[in-house]
Number of protein chains: 2
Amino acid sequence: MASSVRSESAAPPLLDAFRRYLREHNLPVTSQRELVADVIFASTGHLSADDIERVLRARGAHVGKATVYRTLDLLAESGMITPRDFGEGFRRFERAPGRRHHEHLICMRCGKVVEFVNERLERMKALIAEEYGFRHHHHRLEIFGTCPECQQRDGVAPPPSGSR
Amino acid sequence: MASSVRSESAAPPLLDAFRRYLREHNLPVTSQRELVADVIFASTGHLSADDIERVLRARGAHVGKATVYRTLDLLAESGMITPRDFGEGFRRFERAPGRRHHEHLICMRCGKVVEFVNERLERMKALIAEEYGFRHHHHRLEIFGTCPECQQRDGVAPPPSGSR
DNA sequence: TTTCCTGCAAATCGTTTGCATTAAA
DNA sequence: TTTAATGCAAACGATTTGCAGGAAA
């Protein structure tokens with residue numbers, strides 16, 4: 001009833017890659033794992049474990065929270081998703097492959113998250129690590145502020161060069 | 001027995017500022033609040049609530065964990081300390097006043113935290129927020145990697161321009 | 001079959017809260 | 001006195017774990 005993730009037509013490439021990963025590591029390919037992976041691969045956003053459980057329930061599938069977490073661990077270990085911590089007290093997860101490394105702009109009013117890439121910033125961070133003798137592994141940058149919409153809603157004129 | 005934080009000689013300026021803050025807000029100046037504030041003001045590091053409780057116990061003072069947390073809230077509201085989230089699953093707190101805004105380099109091996117300031121980075125972040133129409137409030141940058149000492153310990157040659 | 005999962009509930013861990021007691025103003 | 005803080009323990013919310021029953025290989 002609540003199973004078989006798209007058996008017809010070609011399976012989505014990400015899901016296929018996950019299946020391959022599981023097989024290569026001698027881990028069973030279960031319907032729950034496919035369901036969880038499918039939800040996060042189909043989204044471009046930043047989902048919490050709760051979000052994922054909610055989506056699955058809405059689809060009529062029932063996957064226990066423990067299994068959701070266990071599958072997210074697997075997906076993170078495989079490098080196919082990236083955990084994010086926006087300081088909310090819980091983690092969010094986003095699809096990783098095919099996406100460049102990026103940073104986040106977070107609206108403190110409405111919670112909207114905008115992703116951005118800045119080459120100069122990337123280079124600068126590598127240089128800073130080097131300056132202190134550190135071998136750079138990864139980094140995390142989050143800018144918190146108020147998005148244009150919320151500024152307008154609050155009756156505050158948006159900053160001048162608002163290009164978007 | 002376990003009380004009175006330096007009644008002799010001039011009280012440390014930060015502690016005095018905290019007392020002033022409390023009075024201005026009609027909040028009682030209690031010995032527990034002074035004890036907790038004293039610990040974090042005396043440290044230049046990044047302390048967890050647990051660290052603080054441990055230091056106090058070592059000093060023979062007994063302050064309940066709830067009170068530690070409540071006092072940390074007050075100190076953060078007053079702007080005298082800054083909460084930090086290094087993705088460890090709990091918060092750390094550091095002394096804020098008299099210190100410029102800075103970022104963190106974190107060693108993934110030994111946990112050492114090195115602080116740094118970079119003007120160009122600061123300006124760039126303001127510009128990026130502006131570019132997306134965001135009103136910049138604050139940001140957070142952490143670079144994770146391996147510190148020079150741990151690189152040597154692991155028998156890996158440190159990067160070329162290792163100035164320190 | 002053997003092995004590894006899944007689901008559930010109980011356990012953890014950092015943090016918060018309710019409430020009777022106690023201290024500051 | 002009046003008001004607010006403290007300490008303890010219970011409550012919380014996200015995440016993890018133990019274990020009996022149930023699918024993958």
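Computed from heavy atoms alone, side chains included, the values below leave out hydrogens, waters and symmetry copies. Numbers restart at 1 for each chain; the letters A, B, ... are given by sequence-line order, proteins then strands.
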Distances under 3.5 Å only, N/O to N/O: pair up the protein atoms with those of nucleotides 9-14 of chain D.
none

On DNA chain C, nearest-nucleotide positions of B:R92 versus B:V29: which is more 5'? B:R92
From CZ of B:R19 across to P of C:dA24 the rounded distance in Å is 13 Å
Pair A:H101 + A:H138: ring centers closer than 6.0 Å: no
Quick check on the 6.0 Å ring-centre criterion: do B:F144 and A:H137 meet it? no
Starting at NE2 of A:H25 and ending at P of C:dC4, how long is that distance when rounded to a whole Å? 15 Å
What is the distance, to the nearest angstrom, from the CG atom on B:L56 to the P atom on D:dG7? 10 Å
Should B:D16 and B:R19 count as an ion pair when the cut-off is N to O under 4.0 Å? yes
Please give, in whole Å, the distance from C:dT21 C1' to B:Q32 CD? 13 Å
Separation of D:dA5 atom P from B:F18 atom CZ, nearest Å, is 11 Å
Residue B:V63, side-chain atoms from C-beta onward, closest of C:dT15, D:dG7, D:dT6: D:dG7
Residue whose closest nucleotide on DNA chain D lies nearer the 5' end, B:T67 versus B:N26: B:N26
Charged N-O contact under 4.0 Å between B:K125 and A:E103: no
Separation of atom CG in B:L47 from atom P in C:dG14, rounded to whole Å: 15 Å
So which one's nearest nucleotide on DNA chain C is more toward 5', B:A49 or B:R70? B:A49
In terms of side-chain heavy atoms of A:T30, which of D:dT16, D:dC8, C:dT6 is nearest? C:dT6
Should B:R20 and B:E24 count as an ion pair when the cut-off is N to O under 4.0 Å? no
Are a donor atom and an acceptor atom from the side chains of B:H102 and B:E94 found within less than 3.5 Å of each other? yes
